[in-house]
Every structure is written in C-alpha cells, then in structure tokens.
Amino acid sequence: MGRVGVLLLNLGGPEQLEDVRPFLYNLFSDPEIIRLPFTWLQKPLAWMIATMRHTKSQENYKEIGGGSPLRRITEEQAVALEEKLGEKGNNAQVYVGMRYWHPFTEEALAKIKRDRIDELVILPLYPQFSISTSGSSFRLLERIWEDDPELQKIDYTVVPSWYQRSGYLQAMAQLIAQELDHCPNPDQVHIFFSAHGVPLKYVEEAGDPYQAEIERCTELIMKTLNRPNPHTLAYQSRVGPVEWLKPYTEEAIPELAQQGVEDLLVVPISFVSEHIETLQEIDMEYRELAEESGIKNFYRVPALNTHPVFINDLADMVVEALESPSVHFSEVVRPSKRVKMYPQERWEWGMTTAAEVWNGRLAMIGIVAVIVELITGQGPLHFIGLL
Ligand SMILES: C=CC1=C(C)c2cc3[nH]c(cc4nc(cc5[nH]c(cc1n2)c(C)c5CCC(=O)O)C(CCC(=O)O)=C4C)c(C)c3C=C
Ligand SMILES: [Fe+2]
C-alpha cells in the first residue's frame, strides 16, 4: 500500500461577517443549488441573490458569534479521524475540502498532490446523499480530475452515503438517549427529526435519493434507540418560495403543540457538526416558535462533532473503502435532467426571497439591455452619454 489519504468533504461556512457575501455568491453560483435554463445567467443571479441576502444572513451569523464553527469542527474531526486510523494501524493523511469556503476543495487537492498520495478515500461529511451536497462536491471533483493528469494517477474511491452504518446509528441513538434521560418524563418526550430540506423537484424530477435516505435513516435511528417515544420527521432551512420537501419544520412544530405535545426533543439529522442551522435556526428561531406555540420544554440533541463512536465508525468506513472495489465519480447519482429551482411562482412584498428573485430578473433584463446596446450602438445609455 502506498501513501494513503482521506478527503473529507463539507459545505464550508463564513468564518467572519465579511465572508458572508462572497460565501453566498459561491453557493448560489453552483448549478446544483440553483438550476437555471441558461448557464450564462448563473453568476449574475448569484451576485444578485448574495447582494440581497447577505445582510439578513449576517444578522444570523452575528447571533452565533460572528461566524460559522464549521471549519473548526471539521478540522477537529479530521485530526480525530487521523489519530483513530493510526490506532487501527492505518497511517493516513486526512484533508478537508469545502465546497463554498476555505479550505476549498481545490486547496485540499493541491496538498494531496504535494504529499504524493497514492490511494485516496473521498468521504463526504453528509450521512445522506443529495445532489445539492455530496453530489455537488463529486461533480466538482470529477471536473477537476478530468483536467489533471497528476490526479488521474491516484487510485481513488468515493463513499456516496453512509446513513445506514451501525456506528453512526449507535452514536446518534446514544446522544438522543442521553438527552431523553435528562428530561423529567423521558417517555413523554416527542422526538422531532429535523432534516435539511431540498426543493421537491430535486427528488421528484431530478432523481435525488435524499428523501428516501432521510426517511430510512430516521427509521433506523428509532430502531437503534429502541424507546417507546413518538416521533416526527420534518424539513428545515427552506430558501426561496418554490416547494421544498414537506412537512416544513416551522409548520410541524405548531401542529404538534396544537395536538398537545409539551416536551419536544429536536434531532438534527442531515449534519454531523454544529453550524448556523443548528445553533441559530433550531436553537433560536424554532425554540421561540415552539414556546410561542405552547411547547413547554424544548430540547435539542447536539451534533455528533467528534463523538468517539462516530469517529471510530468513520475510521472503519475508510478502512472498508480501501479494502473494497473502488467507486468512481461516474457511478454516483447525478441529476437526471435540468430542474429549474428559481424563479418562484408567486409574488411577496417586502425584502423577501420573491423580491430577491424579481431583483435578479430585473438585473438580467438590465444586463441583456446593456449587451444589446453595446452591439447595436443605440439605446438609453448612449442617449444619456454613459456609453
Ligand atoms: C438554496 C438552496 C440550498 C439547498 C438546496 C441547500 C441544501 C443543503 N444545505 C446543507 C447544509 C448546509 N447549508 C449551509 C448553508 C446554506 N445553505 C443555503 C442554501 C441551500 N442549502 C444557504 C443560503 C446557506 C447559507 C446560510 C444562510 O444564508 O441561510 C451550511 C453552512 C452553515 C454554516 O454554518 O455556515 C450547511 C452545512 C444540506 C445538508 C443540504 C441538503 C441536504
Ligand atoms: Fe444549505
């Protein structure tokens, strides 16, 4: 066996408030996040949405201390995984490659080449596969690989998803049990799985297996937990007014309160690290909503971070991947057709996502008008002397 590397993939997050806008620009420039019929519209629209959204987004990051902890936690996971692999007799170098912020995937690949890695396990830190998360990172890697003969020499394998692994399920069940056992009436607590949402079209038209994997994951965690508590699955973090996977967390919580639920334990299941959607959206926004709706006790299960059972399972996953036949980018699910996520179907007043979209559309019209003017040499900008 030559030099072994592990590339951990994650989304990335702004580390300080100034990073928010360029981070959002990178995110919305990704066609796996917003699918448009014309690729040339992607960057101007990304610029528009980042411009319109960044102030609200910065406020959220301010509430959790001014930046995302995602990089710090992912790097801690990388160190813990490297140590665990060493203990198991596998000396491997672990790298972190983020999709939309530092350390970017490209930075990780430069280090992998510098260290002359021969075998590489590519492991997304998303338990369930979505075309918008692991899929997006795989597509980026595939494009970089195609143009780089040095990378092509590396014997690589990808792990598309791993939500069904017993180590991961046990770590989740342990965290849930711990929280339940701190509650005065553990059996009365309603367990509320809150998964990150994706647009419905991703699942129904583009063939994203995400919803099926989330549903199966929830069942498996409940089976591993082996407690009598009732449970619900809902989807959080919707962006834009198109339909996303339902039920929405912000609707499901008041419904449960109406049905008489008083004790609610929220379990975030699409993430293995604390980040803005656990620390701000769940801990602040959904807590406030739950309390206003009549929930008396709102609890939240922490993210796995460097939970020893989880890290041990990641290490086993790497060892198993090295021993199994390689899985290449071409074998991983990709969108079956182009699905449009924007524009939205209905208008909303105020600084809303609908307004963001209309601003984007107007900007597009403006850009097209300037191009036409540059070509024809006639138009309002020439008339007022700007061109
Ligand atoms: C607009 C579409 C988005 C889709 C689809 C989406 C899917 C998706 N995202 C995660 C995990 C994370 N998302 C994070 C940030 C983030 N995501 C979106 C949009 C979509 N995500 C935005 C606009 C943002 C920025 C924050 C904001 O302005 O609201 C992060 C990073 C969080 C951090 O701490 O910085 C993660 C992680 C998953 C798992 C997922 C689909 C399954
Ligand atoms: Fe997201």
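Start at 1 and go down the list; that is how both ligands and their atoms are numbered.
In the model, Tyr248 has no side-chain atom that pairs as donor or acceptor with a side-chain atom of Gln236 under 3.5 Å. Side chains of Ser270 and Tyr210: a donor-acceptor N/O pair is present below 3.5 angstrom, by distance only. A donor-acceptor contact closer than 3.5 angstrom links the side chains of Glu213 and Ser161.
Those atoms of ligand 1 with a heavy atom of Val239 less than 4.0 angstrom away are 1 (C), 19 (C). Per-residue contacts place Gly13 under 4.0 angstrom from the following atoms of ligand 1 (heavy atoms of the residue considered): 35 (O). Near Ser57, the atoms of ligand 1 lying under 4.0 angstrom from a non-hydrogen atom of the residue are 27 (C), 28 (O). Shown in contact with Ser68 at under 4.0 Å from a heavy atom are these atoms of ligand 1, numbered in order with element: 33 (C), 34 (O), 35 (O). Ligand 1 places these atoms under 4.0 Å from at least one heavy atom of Phe23: 25 (C). Remark: ligand 1 atoms within the under-4.0 Å shell around heavy atoms of Pro14 are 35 (O). Near Val198, with a cut-off below 4.0 Å to any heavy atom, the atoms of ligand 1 are 41 (C), 42 (C).
Here Gln128 has no heavy atoms under 4.0 Å from ligand 1, in either its backbone or its side chain. Only the side chain of Leu24 comes within contact range of ligand 1, with a heavy atom under 4.0 Å; no backbone atom does. At a 4.0 Å heavy-atom cut-off, ligand 1 touches Trp244 through the side chain alone. Within the 4.0 Å heavy-atom criterion, the part of Arg53 lying near ligand 1 is the side chain and not the backbone.
Ligand 1 has an N or O atom lying under 3.5 Å from an N or O atom of Ile276, backbone or side chain. Looking at Tyr126 next to ligand 1, no N or O pair under 3.5 Å apart turns up.
Under 4.0 Å is where a charged nitrogen must lie from a carboxylate oxygen, and between Arg21 and Glu18 no such pair does. Using a 4.0 Å cut-off between charged side-chain N and carboxylate O, Asp316 and Lys88 make a salt bridge. A salt bridge does not link Arg3 with Asp115: every distance from a Lys NZ or Arg NE/NH1/NH2 to an Asp or Glu carboxylate oxygen is 4.0 Å or more. We find that Lys223 and Glu219 are not joined by a salt bridge, their nearest charged nitrogen and carboxylate oxygen being 4.0 Å or further apart.
In this structure, Arg139 fails the cation-pi test against Phe329, since its NZ or CZ atom is not both closer than 6.0 Å to the six-membered ring centre and inside 45 degrees of the ring normal.
Two rings, from His190 and Phe192, have their centers 6.0 Å or more apart. Aromatic rings from Trp47 and Tyr25 are positioned such that their centres are separated by 6.0 Å or more.
Closest heavy-atom approach to atom 38 (C) of ligand 1 within the set Val272, Thr133, Thr278, Leu27: this belongs to Thr133. Considering each of Arg71, Gln58, Arg238, His196, the one bringing a non-hydrogen atom nearest atom 6 (C) of ligand 1 is His196.
Phe193 and His231 have perpendicular rings, their planes meeting at more than 60° on a 0 to 90° scale where under 30° would count as parallel.
Residue contacts with ligand 1 do not include Tyr202, since none of its heavy atoms lies under 4.0 Å from the ligand. At least one heavy atom of Gly12 sits closer than 4.0 Å to an atom of ligand 1. In this structure, Ala195 has no heavy atom closer than 4.0 Å to ligand 1.
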